[in-house]
Every structure is written in structure tokens, then in C-alpha cells.
Amino acid sequence: MAIIHQHEKDYMVLMRGLRELDLRGPYIPSDLVLIGDNSFPLAMNSRGQVPLAASLYGSGRIVVLGHEGYLTAFPGLVENALTWLRGDGSNNLSVGIHKNASAVAGNLSRSNFQIAVVGAVSESPGVGVYVTDAYSVGEDPKDLVAFLKGGGGVLIAGQAWSWTADHPKENTLLQFGGNKVSGVAGIYLSERQFEVECLPVYPQIPASWMAVVLGKNFEDDLEFLLEGVSDFDLQGGSLASEILVHGPLAFPIGTTDDGRVFLAGAYYGQGRVILISHEGFMGRETLAPFWKNAIHWLDEGRQGVVGVLPDHALNVLRMSGLQCEKTNIRKDLSIFVCTAYSDENAEEIQHFVAEGGGLLIGGHAWYWAQTNWGQNPLTDFPGNKILNKMGLSLMGATIGGGLYKAPVPSQVIKDSYHFRELLRRFAGHVTGGEELSAQDEESLKKLGNDCSTYLNMKAHDCSSYRQVMSTLIDIIKKSGMPQVSENNPVIAPRDHLLLKVGTEVFKVCPDPDALLPYLIKNNPLLPVVYNQRIQINVNTAGGAEWISTGLYLSPGMKTYIAIPAEIINKDWKIQIGCQTDFLNADELKRAPCVHEQFPITSEMMQVWNLWGGLLYVVAPPNTQVGGVEVIVQMAVPAPYYKSGKTTAADWSLLRTAPSPWAELEFENIILTVPSEAIWGLDRPDELAAHWDAIMRAIADLAAIPHKFPRKERFVTDVQISHGWMHAGYPVMAFKCTADELVNVQSAQSGGMWGPIHELGHNQQRGCWEFPSHTTECTCNLWSVYVHEEVLGINRAQAHPALNLSERNKRAEDYAKGGRNLDKWDMWVALETYLQLQEKFGWDAFKKVFAAYHNMTNVPNDNKGKMNLYAETFSQTVQMNLCGFFKAWGWPIETSTEEKLSNLPPWTDHPMVQYG
């Protein structure tokens, strides 16, 4: 059942009993600009313009009509508005009406309201609602704003376009009388005339992709801010965050060469905001000319006090000539300067700006995003709790240092990327055939990323958020989503956008089931099983662990899962989908992200994923749970074999289960492959024995117990994030590798170098690794060991790079080339280890690895670690290997040689022949 958000309920009260609003009369209203979370339109024409709107501010409510004539032209609307403005449960029927709007009083004579015609709100103490035209709020509307904030209701009506014509050099948004009140609540009467129509009254708050996005031309602001500024010096080691500019009154100021924003401004209420996406830059002297301009732009000529929280910013900001002092937020400040790392005073800061203050705020969200895994930077990062409402958000994406050219203001307005504005143009392109410029086409991929980020705000009760979501739903329904696959890859920027956005819209839209047929065209109904009980017995000493359920969910399919109390709100998750690689490629054979995770927070969880996938329970690290079970209400059975549990009879039925993905779980490894790869697997027990032997050998070489603390996982996919395979949990490989993983005969005859190489990566340890030299080298020790000791394939046959002539040539070329350590990597480096193995055997390596398990205070640098390795290996084999390692160009120190001087030297090592 769809949730009805508070604004929708408010809208229903305001429009009760109205079927249409015929605005074709004599009045030409202003088009309204709406910002913030609380403002919402009451009507909208076919061009997306808004003549009437409502909002909340503080404890009060406000309704804005785009022409004062509407106060008498629509008595039913006005009476509804007064009822809503009183507030829920209020018995106060007293209404103050400004004398210049007294005509409205006649229409209310038969109502229950008690009417008083007054000269100002201050003359009507005790009233619950105040009615005025937009021209009579006075030069100082603070009383009316305070009345609204304190819980009063305000009905204000008027148009601003004629005022703008008479005041061509004034800022209509901030200087027009009515905006000094309504703007505080995020509604502005603009200089644009509304195109009148007879409008139907919709059952929900109206939305349109054509809704005007940019509420102002910011050229004059940019000219002021960029006076005397030629570039932005962000050089050095600081990493900034990328800023998402999404509000109608927000605009980019500083961007990288490829258009990513690190500096932005916005209007919010009656005030202004500047955001820099690293707080360190607020104290940078090379940026002082910009900060001087910014402080004066924020101050708006008040010559007030600048309150500065971060110490490092004080000296540079004092160059502005304004009085700067170290202080927290205060009402008497003109400008407040802070960082984005606390939301302690979020509401106070928002009210400070809305009522006319300036805010300079700096900070980045990328480090927070990296260290708060599983949380949503858009909604949970403290700074965004202040900034989102202002139309700006800090993202997890980073921007590196550089010297970035300041834009030319007129060019910014013409060329600048604003995601809402480009989205409107793209919607026009999809729904109305409007042409996109070459520049727009180039920006579509970025637009897809930004839409996805914005949707993560999940601000369902915010009108502008619903506008974006409604626009994206319209686009998807009109164009469909590309049916991406191996045979139908996505390459065009437009298709990238649709694929990215379709995935995200499905997660947040009010009716995902209705959208599903536009997203997934071929989605056959698969047979299901009910109330499957999954036993959970885990000890996650080896890190977070996926617990296989043997179940699959089809694309978009929903299921309920009953959760035991022991794992609720303990960092456990439900995961749908095993392919967890995020793809960032020009050619996509699947969507960039096809898995979904749900934190386990209640006894009954409903879960789904647009792309479907195998179903897992994810146990957090360092957790021990036994004897509990989850119950999955409905799911598709998958071919799932588990050693010691699945019988031959079970397997004969299970291997044809309808899920497209199968899992084979053995003693120390779990393989996830396309189901067709196991249809011919008659003896999974033989495959289990094969993998058990491989994994025990891997453990033997690593000098660890045969039972891994966490089973390794191998997952195959149509496309992976990098390489032919890559290590991790899980190890990722292309799905064509599946046969290599599940065919014992193939492995025993032709080997399986790649998979063991990746499992070797998972055994590498920083204490005996010398990156980047050995990153792609020491993992191959496991490949050689497993091939020789388990598969019976000697090293020369295991990989073509290991035939003897190749090996000898590499060693000779390296020696004759000056034994340059820069060239000592991969196969060259492996030769060093193979020469050691051929002299001292595998047992020496096992003893060396075992010795490292108990070491503390291992050096961090390669030179220190290489000396320690030379010492450890020498002590293990009771032979001084310094000469050997020096012959390979290792930086062996005198102190190491002295420590080993009592051991007999290895004088006939293989490198001696090269002099």
C-alpha cells in the first residue's frame, strides 16, 4: 500500500471540494519558484508553471497565491486555505486581514471565521491566521516572519512581474516585498508571468517534467563573486568532494575541466550560501580574492559581523575588511562560517539563512562515505542535513588537487551543467522529440550518475524530489530501459543514463510493480517454494560472511523473510545478488550495480531487487551465532550443493532447479556459476574432493589450518570491474570460466592457473609483500604449488612463462640490464622465489610464512621489509642468503649482513653465472 506523505494530506485539505481552477480571467499571476523540503505546488499548468503553492516554516504554515485577485476570485480555495493555515486541532477562528486585502472579508462573512481588518500583523494580537497582499508587508517584515515561525498561518497573494519591470536593477527574489516573507518558507514570486489556463485539480500534488528548474539567471551573482578571480588554486594533497547542485536557486561557481563542481552558491529563503568541498580551502591565501568577494556577497551590504568557527579560516576571511570573530552561530551575525562535519545546529543554521543570514560552509563527504560503509552520504552525512534543503549536497565522489580556471559568468549561464535543467531537456527529448545539443549528449552519462545520487536522498515528502522522480518515471515509461545483456551491450550515453536511472527509480518510486514491465521485458514466472527454513550457524572470525540460502528471487520479485530476534539490529543484512562488482565501463553487458542489501532491522523484512539474484544472509565480522533460522516466505529454488548435507538423490532433483545461478559449497570454497554449467555435473562429490585437496594445499603453503576461518567464494559474471579475474571476497571471474571451476578432468589435464592465482592473492600478507614489485608475483607461488602438488602438472607445463628457456632468459636479461629493482616484478620477481624453492624446497616457504604469523613491529617500507625477509629466510634455511638477494638487486643493509655473518654463505646460487 502506498504511503501518503504529509504534504499529500495537506494538499487534499487545501484542494477539498475543488474540481478545477479557471485562471483564464483578467489576472496574470507570477510563476512561483519553489525550493526546500516543505514547499509544494497546489496547481500547475501544461508548461509546468506554478501559480499557487503552500509551505511550512518553523511551527507555522503559509499559502501563496500568484495574484492578489485570487483572494476574491476563488472563495472556496481561500476558505480551505484558512482552515489549513489554522493548524491541526486549533480552535482559533480569528483571522487578521490587512486593510489593502480587505475585499476578501466579504467572501468570509458567512464563514465561522472571526474577521478583523488591520494595518499590520502587530495590530492583531491573538489571531491564528493573517491575510495580506504581497505589496503590504512593509520594508521590515520581521514581525510577520516571527508570527509565521511561531505557529501562525499566513495567506499572501500578489504578482512580482510588474514590480520587476519598475525595479530592473533589483533582485526580485530577495527585494520584492512579498518574497521577504514567503521566501523564508521556500516560495518566491518570480518576474516570470504565468501562462493562464483552466487547470484541473488533481488527486495528488501536481508534477511535470516541464516544471521550471532554474529560478534565476545567476550571471550578476557570478560577476560579483568572480571579480578579479582568474583561477582557483586547489593544488596540493587535499582531496575535495564533488558537489551535486540540484536546487532551483543553486548554481556552480568553480568546476574542474570536465565539469565536476567543487565550489557552489545558492539562495535559501532570504539568505545566501557558499559551499566549498574541502574546509582547508577556506584558509588558503591564494583564494583570498575570491573569499573577499564571497564574504561581501553573503553580507549583502549589511557590514555585519562574520562569525567563524574554524580557526584556520579567520586570517584569510579578515582580509575581506569585515569584522570576523571566533564564535558559534548567533542571531545577531551577518554571516556564519563553519565546517560540514556537525549537524548539531542544523535547524538553527537553516533558519538563520532563511531569515537573511549568509552561510559559508566547507567540508568533504568522501572520507565519511568510506568510513561509514552501509550508510547513505546523501541523507546521513552531517553537512548534508544542513545543505540538502538548500539545493546543494556533498557526494562521496572525489576531486583531486589542481589549478582550475575560473569561469566566464556569461559562459557559465550558457554552458554550465545543472542536473535538473539537463534532466528537463532530456525529458523533452524523450517525450517530445526535442533536439539535444552535442554538449548535452556528452553530459548524459554524468546526468545518469547525478540522478542516481539525487534519488538516494529519499526525500519523498519534498516536492522537488517528487518532481524529479515523476520526470524519471515519465522518461522510463516513454522510452523503456535498454535490455542489457552480453548480446545487447549498452554503449550510447543515453542508454547508460536509462540503465542507471531505471535501476535507482525502481528502488524509490511509489509503485515499483507498475514500473517493472518497462524495466524488464522478459521476466518469465518461475516455479517457487514456500516457507523455506534456513539454519544459521556462523563464527565470522574471518570477516563478514555470506550465508547461502539455496534460493533465488526473480527480477523485481518481492518476498518476506522472518528474522530471529538474535540478529535484528546487529549489523546483519539480507543480500540479493552475488555479482557485487560495480561496473564503470563505456560498454556495459549488465547494469553497473545488480545486487541489493537490506539492513536487518525488524522481525519481518520485505526484500526485492530489480535484477533479482541469489538470496543471502550476510553475517557481520566477529559474530558467533548458532541454532537460529530465518524463514523465507516465497522464492525460486536454486541448484545448490553443500558437502556433507546434499545427498546424491537430492542433487538429482536440485541440479535442474529453475534459478539461472547455481552454488556449490565445499569444505573451504563456494562456487557460483551459471546453472547450465552444472546440468551435466553427475558427481558433485568428486568435484568437492578435488576442491578440498586444492584448498588444503593452499592452506598448507600458507601455514594455516586446513579449515579456513571463512570459506573462499568464487562468483562468475557476464562482466567484472577489472581484469580477467580479480581477488577478494568473492573472487570475481567471467562466466566462461565456470567450466574451468566445475570440470575436474579439465583441471587435471590443462590446469587452472587463473583461479589459483586469484586465491593466491587472497593469501598475500603485507608483512612479506613488497608492492608493487610482488603484487602479481608471490600469488603465483600458490599456482605453482597447487599445480605440482595436487594436479600433478609441473611448472613448465602449468604456464608458458615458466618453461626453462624463458626463465633463464629473464634472469640473464635482468642481471645484464643492471639488476634494476624497477624492473623486478611479476615473472622476473617470481624467478627469485623459484630459485629459492628449487634449492630449499617448499617446506622452507611454509616455515617462513609460519614465522611471519607471530611477528610484530614489521617495517612499513619495502627496504625494511626486504631486509627482514632476507634475514627470516636465511635463519629458516640456516644459510646466509645476502649474496643471493644482492645479486637480485635487493637493498640489503650492512646490519643485515652482520646479523647473518655466522651462517655459511650460499655461494653457488643461480645468479652467480651472470657475474
Side-chain angles (χ1 to χ4, degrees), residues 3-11 14 32-42 44 50 52-64 84 87-88 145 148-149 151 154 173 179 181-188 204-207 211-213 215 243-250 264 266-273 275 340 343 345-355 357 359 361 376-394 419-420 451 453-471 508-510:
I3 298 169
I4 300 179
H5 295 284
Q6 185 56 50
H7 291 340
E8 291 288 352
K9 295 175 185 172
D10 294 338
Y11 173 81
L14 284 159
L32 306 184
V33 175
L34 310 185
I35 68 163
D37 283 1
N38 289 321
S39 59
F40 57 97
L42 301 180
M44 191 177 282
V50 176
L52 327 161
S55 189
L56 313 173
Y57 184 68
S59 302
R61 300 175 172 190
I62 186 169
V63 171
V64 182
W84 180 75
D88 298 329
V145 170
L148 171 62
K149 188 178 182 181
V154 174
L173 296 178
N179 285 338
V181 177
S182 65
V184 170
I187 302 175
Y188 301 85
Q204 290 101 25
I205 294 172
V212 169
V213 175
I243 297 171
L244 179 64
V245 178
H246 55 83
L249 294 178
Y267 284 72
Y268 180 70
Q270 281 289 288
R272 297 174 173 184
V273 186
L275 169 63
D343 58 358
N345 300 308
E347 190 174 16
E348 191 178 350
I349 292 169
Q350 286 161 346
H351 286 159
F352 170 77
V353 179
E355 291 171 30
L359 174 66
I361 182 168
N376 181 346
L378 263 287
T379 55
D380 301 330
F381 175 66
N384 285 338
K385 293 179 183 180
I386 298 169
L387 290 162
N388 285 351
K389 292 182 178 183
M390 299 175 174
L392 300 167
S393 300
L394 287 161
F419 113 85
R420 293 274 298 281
C451 286
T453 301
Y454 180 77
L455 288 173
N456 273 315
M457 212 175 287
K458 296 178 181 169
H460 295 285
D461 215 10
C462 168
S463 174
S464 58
Y465 181 87
R466 285 198 310 274
Q467 286 279 358
V468 170
M469 189 160 59
S470 165
T471 299
V508 297
C509 73

**OP:** List in chain and number order the residues that pass salt bridge (charged side-chain N to carboxylate O under 4.0 Å, His left out) with D380, two or more places apart in sequence or in another chain; answer none if no residue qualifies.
**Re:** none
**OP:** Would you check if the side chain of Q350 reaches a backbone N or O of I386 as a donor-acceptor pair within less than 3.5 Å?
**Re:** yes
Original post:
How far apart are the closest heavy atoms of R420 and P248, and which atoms are they?
Top reply: NH1-CD, 4.2 Å
Original post:
Would a distance-only check, ignoring hydrogens and angles, find a side-chain to backbone donor-acceptor pair under 3.5 Å from Y188 to G269?
Top reply: yes
Subject >> Spatial distance of atom OG (S463) from atom CG (D37) [nearest 0.5 Å] >> reply: 10.0 Å
Original post:
Looking at L244, I243, L275, which one forms a side-chain contact (heavy atoms from CB on, under 4.5 Å) with L387?
Top reply: L275
Original post:
Are the side chains of V64 and L52 in touch, meaning some heavy atoms are under 4.5 Å apart?
Top reply: no
Subject >> N38 (side chain) donor-acceptor with G186 (main chain) under 3.5 angstrom >> reply: no
Original post:
L34 and A53: which non-hydrogen atoms are nearest, and at how many Å?
Top reply: CD2-CB, 3.6 Å
Original post:
How many angstroms lie between atom CG of D88 and atom CD of Q6, to the nearest 0.5 angstrom?
Top reply: 6.5 Å
Original post:
Shortest non-hydrogen contact from D343 to P382?
Top reply: CB-O, 3.6 Å
**OP:** Spell out, as yes or no, whether a donor-acceptor pair under 3.5 Å connects the side chain of N388 to the backbone of L378.
**Re:** yes
Original post:
Between G36 and S464, which heavy-atom pair has the shortest distance, and what is it?
Top reply: O-OG, 4.3 Å
Original post:
Within a strict 4.5 Å, meaning less than it, do heavy atoms of the E355 and Y57 side chains meet?
Top reply: yes
Original post:
Are any non-hydrogen side-chain atoms of H460 and P510 less than 4.5 angstrom apart?
Top reply: no
**OP:** Indicate yes or no for a side-chain donor-acceptor contact from N384 to the backbone of L394 under 3.5 Å, with no hydrogens or angles considered.
**Re:** yes
Original post:
Does any N or O in the side chain of S182 come within less than 3.5 Å of the main-chain N or O of I187, such that one atom is a donor and the other an acceptor?
Top reply: yes
**OP:** Using the six-membered ring wherever Trp is involved, compare the ring planes of F419 and Y454 and label them parallel, tilted or perpendicular (cut-offs 30° and 60°).
**Re:** tilted
Original post:
So which heavy atom on R466 is nearest to which on I205, and how close?
Top reply: NH2-CD1, 2.8 Å
Subject >> Test item: side-chain donor near acceptor, H246 and S393, under 3.5 Å >> reply: yes
**OP:** Spell out, as yes or no, whether a donor-acceptor pair under 3.5 Å connects the side chain of E8 to the backbone of D461.
**Re:** no
Original post:
Between Q467 and P206, what is the shortest heavy-atom contact and its length?
Top reply: NE2-O, 3.7 Å
Original post:
Any side-chain heavy-atom pair from M457 and C462 closer than 4.5 angstrom?
Top reply: no
Original post:
Side chains of Y267 and V33: closer than 4.5 Å at any heavy-atom pair?
Top reply: no
Subject >> Any donor-acceptor pair under 3.5 Å from R61 side chain to W84 backbone >> reply: yes
Original post:
Does a side-chain heavy-atom distance below 4.5 Å link I361 with L392?
Top reply: no
Original post:
How far apart are the C-alpha atoms of Y268 and I35, what are their side-chain angles, what is the distance that settles it, and do they pass the side-chain contact (heavy atoms from CB on, under 4.5 Å) test?
Top reply: CA-CA 8 Å; Y268 180 70; I35 68 163; 3.8 Å; yes
Original post:
Looking at OG1 of T379 and NZ of K385, how far apart are the two atoms once the value is rounded to the nearest 0.5 Å?
Top reply: 7.5 Å
